[in-house]
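Naming convention: chains lettered A, B, ... in sequence-line order (proteins, then strands); numbering from 1 in each chain. Owing to the predicted nature of the structure, the values given are computational and were not obtained by experimental measurement.
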Amino acid sequence: MITGNIITDFSLLILFLPLVAFTVNIFFGKRLPRQGDWVSIGAILITLILSLSMLLNMFMNWDPDFSHEAKFIWMDLGAFKIELGFWVDNITIVMLVVVSLISSMTHIFSLEYMKGDIRYSRYYAYLGLFTFSMNGIVLANNLISLYIFWELVGVSSYLLIAHWFEKPSAAAAGKKAFLTNRVGDIGFFIGIMLMFTAIGSFNIQEVFTGVSQGLIGGSLLTLAGVGLFMGAVGKSSQFPLHIWLPDAMEGPTPVSALMHAATMVAAGVYLTVRLFPLFSPDALLVIAYVGGFTALFAASIAITQNDIKKVLAYSTVSQLGYMILAVGVGNYIAAFFHLLTHAMFKACLFYGSGSVIHAMHHSLHELDDHDTDPQDMRNMGGFKSKMPITYLTMTIATLAISGVPFFSGFLSKDAILAGSLGFAQHYPQHFLLPVFGFGAAAITAFYMFRLIFMTFHGEAKMPKVFKGIHESPRVMTFPLMLLSGLSIFIFYTLPYLNPLSDHGWFTELIRAGDSVVPGNPTAHEIGEGVHHAHYTAMALSLLVAGLGIGLSYLMYLKKKLSAEVWANKMGLLYKLSYNKYYFDENYDRFLYQPLLKLSRAVAYVDWDLYDKYFINGFGRVTKWLSFLTGRIDYDGLDQSIVDGIGRATQGFGKQLKQVQTGRLQNYMLFALVGVIIILVIQTI
Amino acid sequence: MTVDMLIDWFATLGDFPVLAFILAVVISGIPLFLVMALNAMVAVYVERKVSAFMMDRLGPMGQGPGLHAGKWGLLQTVADAIKLLVKEDTVPESSDKILFKMAPFIIFIGAFLGLAAVPFSQTLQVVDFNVGVFYIIAVGSIGVIGIVMAGWASNNKWSLYGAMRSAAQIISYEIPAGLSIIVPVMMAGTLNLQELIHYQSGTVWGILPNWIIFNNPFSFIAFFIFFISAIAETNRTPFDIPEAESELVAGWMTEYSGFRWAIFFLSEYANMLIVSGLAVAGFLGGWRSPIPGLFDSGAWGLFWFMGKIASLIFVMMWVRWTFPRLRVDQLMHVCWKVFIPIAMINIFGVGIWKLIFG
Amino acid sequence: MAKYFANIYDTVNTLWKGMRITWRHMINIKRDNVTLQYPEERWPRPERNIGFEHADYNVIRSRLHVDIDDCIGCLKCERACPVDCIKIDTIKSPNRGEDIPEIKHTGTTSNDTRKALVVSRFTIDMSECCYCNLCAYPCPEECIFMVGGPNNAKHDIDYEFSEFNRNDLIYQFAKSITKEQKESLQPPKPKVEA
Amino acid sequence: MAEFTFWIVVGITLGSAFMVVQSKNLVYSAYALLFSFIGVTGLYVFLWADFIAVVQVVVYVGGILILIIFGIMLTNKITSVNISHASVQKKVGAVAVLGMAFLLGYMVISTPWVTLANVEPAETTAAIGRLLMMDYLLPFEVASLLLLGALIGATTLSRKED
Amino acid sequence: MDSLTNYLFVSVVLFALGLYGVITRRNGVAVLMGVELILNSANINFLAFARFGGMNMAGHVFALFVIVLAAAEAAVALAIIINIFNNFHTINVDDVSELKQ
């Protein structure tokens, strides 16, 4: 059995191996054979093996209360200490497996997808940096190191999104992602600092203890909770900071799969799951509403998008909203469960879309067509026959995300919906939350099947391009197959095989903890509510999923209902959705432009007034003074004293150089005689 | 060991410390010399036989009981020795006489001193040094001085070239040899040869004897590096460029004949014995029996030790008669670019191995 | 780097191959041995000749042989020998042409020449012989000759006569005579009158 | 016995050291240096420093002396056996050195040395290793750096420019 | 032999001889040999103090450092000497008086 120390060692290795790969690749990558991709892949595979061994250890222990903490003092300033360390429990282990699995899949997938890229080695280096920082978030045992890695994740996401920075849109998307995240991070930092000033520690478990002792409470706790949640809003791209994620699709597709589907955006959810016990009821309510609204809202945008990756991006936002909703209603284990399952099938969907785009791209390249958008679904259709593996795996993932039984998504989504329904049953005034959830579920099923039908079914929209489409190579289909396999329910319900119940190792090993805020419902109460609403929720979710799928089937496969007609009927709504509710435009008009104007005014004061008169005035005075002292120095001092000494020295030197015979041993003899003389004087 | 024991024994007999010391040294030194002589004679005979067999010849058959063919020429080396001893002792006219005469003895002293620390059995060891492993390597370098002396004093370009080559080669190969012998030293945590052998008791994996060579993969590699370096240090083919007959006549030995040449030969074979002894003590369990626990005491120790040494010396001969001579650049390439890096990795690996499993 | 290790692997592999070959030869020495322990073992003489009859091959010079029964002790060969490898001692025969059975002396040669001398010593040092054949020509009885070739009828060819001792190369042809027998053959010394 | 051996060793050491500085033949100097080193090794053994003694043999005899001999052979026309080398300022040097020696000797005599009754350590190697890895770790590392520097420096200096 | 001053005297004499060699020899290699003698005398001192004084194992460590130093010095010095030989075709140190004014 793996003991505590070895867990610490493993965690260290898991954390630092990707960093090593990053360091090697960033400095020597170009000079290594194969541009050093094997370094990164080797490191990430070792990480994966270590994570899997920890998972195995978890199964063999079967201890829901397993918790291991290792820490050391990083900064000791007397009364003020900063400790760094690991907090490993079952959630951490599962999350580590998710991160390393998706990350290694991305590494492997990128082998083919990024082949021939001009910054190939740098791409792999950044992947390593990202994995390092993501693992850091997962393993962190205190808020400050969490924050450090949080920012590192931001940096690496910036680097990866803007990987093709020759494209202005990619560079802009990177910047946007970075800056939008910054807004959330300010809230996050405020939250951390509020906690620290009240409790005096960054350590998460000590913070929990402090909250339960009532060191912080009331509106301050709510404020701190909302602040911490702000971080999650930024990173998990919740409303209103969701705007960066769709743009981030400018990055390479494997990156999207890794960061914008499975890991980085899940960091926000992971944060709320980790910190769940300290959210006050009001904060939780805010979380629930933000999450629920985001779920529905993003889903409604996804319906009308035509870019295959944009659809998936909005779908991700929506699913993250789900998770946040689940945290908000207290069913945070369901949120984490959905995080896990979502990571698998969403990564699979992204890889699938990557595979499709890759194929399109190659085909267009061969036709020498650089104008057609390879990501536009309107140019696809009928790929089923040409790309059977991609089609099959993507279909499985779509079934999973739509919440069809026998697939993982059903289990987790069901749990979330049951949670929200239970919450609404308990607090009827919040009936909107389940409505958000079920609405989003229906829409999700609809647009996901829309994607599948538009891409793989029907006849080819561009026959010329269609001719060149071919299945992707093995290294690209392997992650697809693996991840779609992992989207089947059985991996989450072992050792039980009931496809309709999420009862399994996950629910047995990862138990909800009680909230430490006095007055919050306990885990047991929440569980009761969920259990109560379970069957209703299941029935409802099956119904809405079927509804969505059926509608999509009629509209896009059978063409019984015309999409255009419906769009026209909806009119304003369609337009709003198609243009993403004009969010970017509104931000631009009401936030950026006024800010820019203000900045220009400030700049005018700084440059034209302050610099010109004050600073330059100083400069002139100084120049005049220097001239004066220069005259005194050169003409007075130098000629008489400095040069005088020089001349005297020269004269002496001429005398003394007679002694320099150039014979080493003469010098030695002189030295020896000197020593003897000193010794004699000393003795006397 | 023996010297100390003898001095103690003499102390019980009476108070004559100076005489006791001299007696003890002489008493333990004479057998050592006999071992050297015997070793050279047997080894020369075996070498001739092995080389002949490997070349599908029969080797010396004439000299021996009955003085006739079919008697395996057992007395061949005796005859050789007699021939060498009665030969004229020639000293070249233009040589540096003093150094020329002194050089063989310096080489001989190096070999003799090294032999003093070889643990022939639990008790049969002339001196049991605390730093035995290191000592043997150290006195090995005295021989180099003798070789350079011989080469220079002969005042002959072949001799000088041979000597310079030999010095460069021996000094270079001392490094991988030293680095590899550190592996058993690290495993056992001692430089004392007896303790090193005591460390190698018991079994590993239940079957194999717990010799350091079987202990872990790094020491397995280290043994081969050490052994090959040892071959190079004894200037034997395929590393015999210092005395390469076809280029340098006989290297630094060109001008020597008769008795002095015999001393060279004696030392050379003694050196083989010493390096094999070090390899046996360091890697192959010293005087321990190959079947753990069986025949592992008393005189069996001597038997096993000599048996292992004999097999190693046989392998040296086998190698000699199999491979052609290396070029100088190949020799240095092998030493500096292959053996030394691998030996360093070995040391690192053994350290980690000891941390994890030790 | 990969090349470096491939190189090492190659080296080890080929070393092992080479050593296996020599090992096989060593343990199979009985089968593979090419050495002939010469004086004891010899190559068999080839059955067939080298293209013409031995009898015609008169240049052959392998070893001197003396048919001592025909020798009359004339010392012509001894004188002819340029390297003085032939040594002959003679004693006057008591009765010319008569056999002396106790020393196996025959009185007449095969040419019916009556011998006047008993050859008490006839040695040829083959280690000194230079195979010039000069001794064979003057011999009146044709009793000294090189074996083989045209003389094949008289004596088998013998070109291998290696010995462990150098003295063994001094071939004795005379019949052995003890000292007493020798003295008995000597004519009594004339008494010197005082 | 030990007394006797000690003075013999001292005699060898100093006698060969005198040969080193006095001999006309450079090669004889070098070989006299060998005996001087071996004598010093003997002194080390008397001082209970077996490890240092062995190190002395390895480094001085096996390394430095060979280097010196190589140096001689590379910098002289070795066709003649007698590589003579002259001395300069002998008399002044001798006087100065004698003065130095007398002063130092006077110092040795006049200083009241405190002698502690030490016992012979059982294991010097382990103790040295422990000291090197703990108390003197920094000097040890510096020494290794120095060796590396010397290695690279010597190589760079003596290689042929191409 | 069991007295500190004996060793110190030996060391003094060795030091003086080494110094004499350094000062008087014309050949660079011979100068180097003198330096080696001086270093050896220092080592004798260290070990003598280690045995008789309170220096203990620290003396051994210092001796070890001195030996390391000597090895490095010999290597570099010989490289320099060979370089000098290549440039001036002599290693007599007083022929190489480039330092002269």
Side-chain angles (χ1 to χ4, degrees), chain D residues 2-3 6 10 13-14 17-18 20-21 26 29-30 33 36 40 43-44 46-49 51-52 55-56 59 63-64 67-68 71-72 74-75 85-90 93-94 97 100-101 104-105 108 113-116 118 124 127-128 131-132 136 139 143 146-147 150-151 153-154 157-158, chain E residues 1 3-10 12-21 23-30 32-34 36-37 40 43-44 47-48 50-54 56-58 60-61 63-65 67-76 78-83 85 91-92 94:
Chain D
E3 191 80 22
F6 173 74
V10 168
T13 311
L14 297 183
F18 188 70
V20 171
V21 296
L26 191 53
S29 284
L33 196 61
S36 189
V40 172
L43 287 179
Y44 290 171
F46 278 110
L47 289 167
W48 299 341
F51 183 75
I52 302 292
V55 171
Q56 166 95 358
V59 176
I64 295 177
L67 259 183
I68 287 176
I72 294 170
L74 289 174
T75 54
H85 59 154
S87 302
V88 288
Q89 53 189 19
K90 261 179 161 171
V97 165
M100 188 86 194
L104 287 177
V108 169
W113 299 106
V114 181
T115 309
L116 303 176
N118 288 336
T124 55
I128 289 173
L131 274 180
L132 277 182
Y136 296 100
L146 172 82
L147 273 182
L151 192 72
L157 276 176
S158 53
Chain E
M1 55 162 275
S3 95
L4 179 60
T5 45
N6 273 352
Y7 289 99
L8 294 185
F9 274 125
V10 171
V12 165
V13 176
L14 202 58
F15 177 76
L17 285 171
L19 200 57
Y20 180 73
I23 288 180
T24 57
R25 297 257 109 157
R26 291 183 70 209
N27 190 308
V29 181
L32 191 64
M33 293 184 206
E36 299 300 341
L37 286 181
N40 262 308
N43 260 356
I44 292 176
L47 291 172
R51 188 188 149 179
F52 296 104
N56 287 339
M57 294 320 283
H60 292 218
V61 175
L64 209 56
F65 284 139
I67 291 175
V68 168
L69 203 77
E73 171 246 25
V76 175
L78 280 166
I80 291 172
I81 287 171
I82 287 168
N83 238 8
F85 181 75
I91 51 169
N92 282 355
D94 50 354

Would you mind telling me which of [options] has the largest number of heavy-atom pairs within less than 4.5 Å of chain D?
{"options": "E/Gly18, E/Ala50, E/Ala48", "value": "E/Ala48"}
{"options": "E/Leu19, E/Asn40, E/Val13", "value": "E/Asn40"}
{"options": "E/Val10, E/Val68, E/Leu32, E/Val61", "value": "E/Val61"}

* Given that the side chain runs from C-beta out, which part of D/Leu33 has a heavy atom under 4.5 Å from chain E: side chain, backbone, both or neither? -> side chain

* Under 4.5 Å heavy-atom distance to chain E, tell me which part of D/Val108 shows up: side chain, backbone, both or neither. =>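 Both parts, backbone and side chain.
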
* **Closest heavy-atom pair and its distance - E/Val29, D/Gly71** => CG2-C, 4.5 Å

* Structure fact -> Nearest heavy-atom contact between D/Ala49 and E/Leu47 is CB-CD2, 3.8 Å

* To do: Check whether any side-chain heavy atom of D/Phe51 lies under 4.5 Å from a side-chain heavy atom of E/Leu64, and answer yes or no.
  =>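 Side-chain contact under 4.5 Å: yes.
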
* Asked: Counting heavy-atom pairs under 4.5 Å to chain E, which of D/Leu47, D/Val10, D/Val97, D/Val40 comes out on top?
  ->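 Most heavy-atom pairs under 4.5 Å with chain E: D/Leu47.
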
* To do: Report yes if the distance between the aromatic ring centroids of D/Phe18 and E/Tyr20 is under 6.0 Å, otherwise no.
  =>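 No, they do not, as the ring centres are separated by 6.0 Å or more.
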
* Could you look at E/Leu37 and say if it's the side chain, the backbone, both or neither that has a heavy atom under 4.5 Å from chain D? =>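 Looking at E/Leu37, just its side chain touches chain D.
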
* Candidates D/Ile64, D/Leu26, D/Val21 - the one meeting side chain to side chain contact (heavy atoms under 4.5 Å, CB included) with E/Met33 ->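 The residue from D/Ile64, D/Leu26, D/Val21 that satisfies side chain to side chain contact (heavy atoms under 4.5 Å, CB included) with E/Met33 turns out to be D/Leu26.
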
